[in-house]
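Notes to accompany the following structure.
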Amino acid sequence: MKRHRSFSLPYSMVTPKSVYLSRRSLLGSLLAAPGIAASAERIENVRKSGYGKGETLTPYDAVTTYNNFYEFGTAKEDPARHARQFRTRPWTVRVEGEALKPRTFDVDEILRLAPLEERIYRLRCVEGWSMVIPWIGFPLAALLKRVEPKSSAKFVAFETLYDPKQMPRAAWAGIPLPYVEGLRIDEAMHPLTILSAGLYGEVLPNQNGAPLRLVVPWKYGFKSIKSIVRIRLVRSQPPTTWNLANPREYGFYSNVNPAVDHPRWSQKKERRIGEFFKRDTLLFNGYGNEVASLYSGMDLRKYY
Ligand SMILES: Nc1nc2c(c(=O)[nH]1)N[C@H]1C(S)=C(S)[C@@H](COP(=O)(O)O)O[C@H]1N2
Ligand SMILES: [Mo]
């Protein structure tokens, strides 16, 4: 499952940023060569948070070359190769539905709504691997509050851009597109739930979901939808891509739970990318102190 790749020096480390940016378009085709990582701009004014302090980070190279982003291909190395030319500006996000002030935001306006924080979160993929990633982001609640949700808003539905012209491999994704995801309103408003625009101090690489993706650390990775263009406050539980693709294997909640096996494999253990021995998978991915109360009284085998 794990691929070993040679480390490539971020281009921005060897070239002044101004030169790098002006050459960027000329370099487009060169950077499209496999194995050359186009490094992104640094994000300024990010405050550290306490989340994940002391945890060993998954190397940048693994975080940015071992990805799931089926719109750009289904192999782990596909998104890093095939999302290079993906256009993430201009970019707008429509926030609508059961809200008093629905509206369309420019992504750069969204990034100024709340202070940006670095948060080190564990990400556990349903496939059985995990990573530790220093995200840059802010609570999703900060954006949702801007449109003033009505009390009728019980769930939140998210949608990824679907542009077959920019995503020629999407036809072979094997899942319905556009990619859609959903959260219950209390999950969406939870302080652990963030929108991320960066990682490792830099603007989010396209393959990781630029310009804006969700990160929900106590749920399997597929809930963390990438490259969001639409967020809808809704009255009832919205459809989600993996549940549509295979409802027996992927439920709406998809909380990390070592006691509930995937129908085709155990979820008791996981491989932290970069480590040799497997680790025990933790209930709610280890975030139970913060989120277990959201599910009190719910049968987590039924609501998987
Ligand atoms: N639009 C979209 N979002 C997506 C996916 C996808 O295929 N398309 N894959 C999901 C899965 S299965 C995982 S594990 C995470 C991976 O995030 P990462 O590549 O940044 O580690 O993104 C999730 N978000
Ligand atoms: Mo995943």
Side-chain angles (χ1 to χ4, degrees), residues 1-3 40 57-83 86 88 91 93 119-137 157-164 166-167 169-183 194-200 202-231 240-246 249-251 254-256 262 264-265 267 270-274 281 285:
M1 198 175 265
K2 186 174 180 268
R3 281 288 201 101
L57 302 181
T58 302
Y60 177 89
D61 206 35
V63 172
T64 57
T65 61
Y66 190 89
N67 301 101
N68 278 335
F69 198 164
Y70 275 32
E71 289 88 333
F72 294 103
T74 55
K76 292 288 178 278
E77 63 274 21
D78 279 342
R81 279 191 195 149
H82 303 304
F86 184 51
T88 59
W91 189 280
V93 181
R119 294 194 181 189
I120 298 165
Y121 279 171
R122 297 178 290 279
L123 180 120
R124 168 59 156 86
C125 178
V126 74
E127 295 166 339
W129 49 269
S130 62
M131 297 192 188
V132 180
I133 301 174
W135 301 106
I136 295 172
F158 304 84
E159 193 175 309
T160 295
L161 178 76
Y162 181 46
D163 181 358
Q166 294 196 79
M167 302 163 166
R169 280 159 190 80
W172 290 272
I175 51 174
L177 295 174
Y179 196 100
V180 290
E181 256 306 335
L183 295 172
I194 59 169
L195 285 172
S196 172
L199 53 79
Y200 267 106
E202 297 178 349
V203 167
L204 207 58
N206 292 345
Q207 59 268 33
N208 293 93
L212 203 62
R213 60 89 59 85
L214 188 68
V215 184
V216 193
W218 71 95
K219 293 176 179 283
Y220 290 117
F222 63 85
K223 299 295 287 182
S224 294
I225 182 173
K226 296 178 169 179
S227 305
I228 297 166
V229 289
R230 199 155 77 110
I231 300 177
T240 64
T241 289
W242 283 99
N243 181 257
L244 291 170
N246 194 336
E249 298 189 358
Y250 309 107
S254 292
N255 292 317
V256 174
H262 184 279
R264 290 183 281 137
W265 57 81
Q267 293 290 32
E270 70 198 57
R271 173 104 51 213
R272 181 70 49 87
I273 298 295
T281 286
N285 204 22

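Indexing begins at 1, ligand by ligand and atom by atom, following the structure's order.
The main-chain N or O of Trp135 is never found under 3.5 Å from a side-chain atom of Ser196 such that the two would form a donor-acceptor pair. Between the side chain of Ser227 and the backbone N or O of Ala210 there is at least one donor-acceptor pair closer than 3.5 Å. With hydrogens and angles disregarded, a donor-acceptor distance shorter than 3.5 Å links the side chain of Asn67 to the backbone of Val63.
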At less than 3.5 Å, what protein N or O atoms come close to the N or O atoms of ligand 1? Include the distances to 0.1 Å.
from	atom 1	to	atom 2	distance (Å)
ligand 1	1 (N)	Glu71	OE2	2.9
ligand 1	1 (N)	Thr160	OG1	3.0
ligand 1	3 (N)	Lys226	N	3.2
ligand 1	7 (O)	Tyr70	N	2.8
ligand 1	8 (N)	Glu71	OE1	2.9
ligand 1	9 (N)	Asn68	O	3.2
ligand 1	17 (O)	Arg213	NH2	3.1
ligand 1	17 (O)	Lys226	NZ	3.4
ligand 1	19 (O)	Asn67	ND2	2.8
ligand 1	19 (O)	Lys226	NZ	2.7
ligand 1	20 (O)	Asn208	ND2	3.0
ligand 1	20 (O)	Arg213	NH1	2.9
ligand 1	24 (N)	Ser224	O	2.9

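Residue pairs meeting the side chain to side chain donor-acceptor pair (under 3.5 Å) criterion with at least one member in residues 206-215, sequence neighbours excluded, do not occur.
Relative ring orientation between Phe69 and Phe72 is described as perpendicular, the plane-to-plane angle rising above 60° on a 0-90° scale split at 30° and 60°.
Phe222 is listed as a side-chain neighbour of Tyr179, based on a closest heavy-atom distance under 4.5 Å.
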